[in-house]
Structures are given as C-alpha cells and as structure tokens.
Amino acid sequence: MKDLLPEIESWRAAGDKVAIATVIKVEGSAPRPVGATMAVSSSGQLAGSVSGGCVEGAVFEEAQEVLKTGEPKLLRFGITDEMAWDVGLACGGTIEVFVEPLDGQTGSGEAQPKP
Amino acid sequence: MTTATPTSPYERLKEAIAKDLPAAVATVVRGAGIGNKLVILPDETVGTLGSPELDAQVVADARALLNDERSETRTYTIGEDERDVFIETFPPPPLLLIFGAVHVAQALTKFAKLLGFKVIVSDARSKLASRERFPEADEIIVAWPDETLETLKIEPNTYIAILTHDPKFDEPAILGSLKTRARYIGAVGSRRTNADRRERLRAAGVDEESLARVRGPIGLDIGASTPEEMAISILAEIIATRHGRTGGPLTQATGNIRARV
C-alpha cells in the first residue's frame, strides 16, 4: 500500500472515497506476492495491481460495491484448466484478495463523509 | 477536504511510514469482526481486532514478522471463534550507504531509489559529493569515511557499497564498515586490487571472518562494463544478499522464485 499513498491521498483530497484491495494469501505460483495492493476511487480511478492483469477488472467491480455498502469482502480467485480462458490466473495459482473501504472500521460509521 | 480523525488507524499508519518507523497493520479478513483493524507501532497500538486476547497474540506475531520483513495471513482461535487475520508489515526502508561519489554511484543512487532504498552518498571531495550530481540521494555527506560512519546509526538493514577506487578512502571505509552490523559490504576493484587490499587489511589485524564479509570485486558476474551496468550488477548482489540468495539464472534454480510469497 505504501507505494500507492500519493494516489490515495490525491483522491481523498478531491473528496473521493477509496477502497483498498490487498493480496492476503497466495497458493501455488501467482503473479504478485502477498501484500500487493490495488486502490480504487469512488470516481473510478485505479492504481496498483493484485495480479498480472487477469483479475483487476473483477476486483474493480467488487471495490465499487464495497464503497457503496461500506462492508469489506474477501475474494478468492483461482483456476482449473477448463476455466483458463474465463476470469482467472494464467499461471494456475490461487489468490485471496481482501477488499475494504479505507478508514472504514466496520460498523463504526467512520466512513468518509463527502464534503 | 475530508476530515479523518487524527487517531484513525490509516492516519497513524501513514504517519509512521512517513517517519520510516517500523509499523504493521492487522486486519480481520475472515470471521467475527471482519474489517476490524489494529495498527502496531514501535511504542503503542491503535484500534482493536475485537478481543484483547487476540490483539495480544497478533501484536507478538506482528513484531516477529516485522523482523523477517514478511506479511502473512494467520488463523487464530479465541474461545469458539476462528478468525483469519492478515498482518501486513511496513519495515523501514533498507539503507544503501555509498562511499565514493563517483560515476557508478550516480547510477547506483538512481536505481536504488527506484527499488525503495534510502540512499546516503559520502565522499570527502565536495566537488564530487554534490547535490547537482546526486539529485535523488536522501543525504549527501561530505566527510571522510570514519567521520561519516560516526554520524550514522547503521542497522542490520544497511548495505554498504565502497566505490572510491582509492585506498586512502576505501580502506578506512572497509575498516569502519566491519565494525557495524551492516548486512552487506562490497568494495570495488579488480581481483588484483582486492587481493592486495586483503593483504593490507590482514596486516592491519583484520581477521579472516571479517575479511569474508567484504564482497570484492563487488557485484554479480553479468559482464557489466558501463557505470549503469555496474550499478545493476551491484544492486543484483545486494538484492540476492537481502533475500539469502546467491544469484544465477532461474533456469538452473529449483527453489521458490520469489523470496516473499
């Protein structure tokens, strides 16, 4: 997340809400390691990555949902051979991606109010 | 402007990262209290995962993971509840200390900054050790090597590259570096220069164990000849040392490709 701080800060300064998606577990070989982060803003900007490009689209959609509901989500992406051409990881690993609203302690109502 | 409370976990984490303090953030990612956060700072914690017992276990694990520079998801069982907690660590950036503000040092500084290192360049020659020549350096110290080492706190995440090509700078830099816990000490020079230097260091009373800490000729064997190529060769050796590898083609390797999975 550290390398995304400049983007995150500029989005927040512009009044956007921000969701963070983080790779929290990797099984087998995967394109990005645990800790890889992608940030998404409520106006549709995107920075960073959680895979080599295979699941970013799906994670982006989920992140928009998380920004609407304020509820975090745990996603799991993996593939079998038959699924290889669907949403999945070309190198055959499985990753878990946690998507959460920034600074939104669940249920604490701390989500950022729009100015 | 949005107004986050100054004590929010994110704000505190951001503050710690800006100050290069070792920090970690733990998040419940599965089970009761999903999304709860605990930020672990050197002298305090902020937030809670929902149970003091869980917090205590996670804080201990986070400090150990910080030492290993690793992030990980772990499962904790508190009473009947099983929860997965992702512990993400933010170790302070490694330090690259360069003795010798020479041409190779300029490329080395640029590339090391891209890799996330803090870079300090030191040379007694103020014409060489200038801000114009090293715009990306975090710090430029115009001083002799032993003076420079006295002013710095060298932690085990420090990597030292000695590039001056001049025994009157190189040797005090090596002797001073050997007194620190630096993870890597590399010294520029041909095989011949290095052999001669080793003899002089032995004569000065340096033991074999200490001599073995000095990588000279510096860098991995990639046929580097330009300053930029030499910088890559040196950084490749530093990265390999950092992750406990020796370097070499992956086609001939059998272990995990990544150090951090």
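Residue numbering restarts at 1 for every chain, and letters A, B, ... go by the order of the sequence lines. All of these numbers come straight from a predicted model, not from anything done at the bench. All values below were derived from every heavy atom in this structure, side-chain atoms included, with hydrogens, water molecules and symmetry-related copies excluded.
In terms of heavy-atom pairs under 4.5 angstrom with chain B, the leader among A:Ile8, A:Leu5, A:Asp3 is A:Leu5.
In B:Lys118, the NZ atom is not crowded: 12 or fewer heavy atoms of neighbouring residues, nucleotides or ligands sit closer than 6.0 Å.
In this structure, the separation between CD on B:Glu88 and OG1 on A:Thr37 is 5.0 Å, given to the nearest 0.5 Å. Here OG1 of B:Thr27 is found 9.0 Å from CD1 of A:Ile24. Values are rounded to the nearest 0.5 Å.
Using non-hydrogen atoms only and a strict 4.5 Å limit, the part of residues 75-87 of chain B facing chain A consists of B:Asp84, B:Phe86.
The nearest pair of heavy atoms linking A:Lys2 to B:Pro91 is NZ-O, 3.5 Å. For the pair B:Ile34 and A:Pro72, the tightest heavy-atom approach, listed with the atom from each and the gap, is O-CG, 3.9 Å.
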### Task
Begin with the C-alpha distance, continue with both residues' side-chain angles, and end with the deciding distance and a verdict on side chain to side chain contact (heavy atoms under 4.5 Å, CB included) for A:Phe98 and B:Thr73.
CA-CA 11 Å; A:Phe98 189 67; B:Thr73 298; over 6 Å; no
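Residue B:Val25 does not touch chain A at all, counting heavy-atom pairs closer than 4.5 Å.
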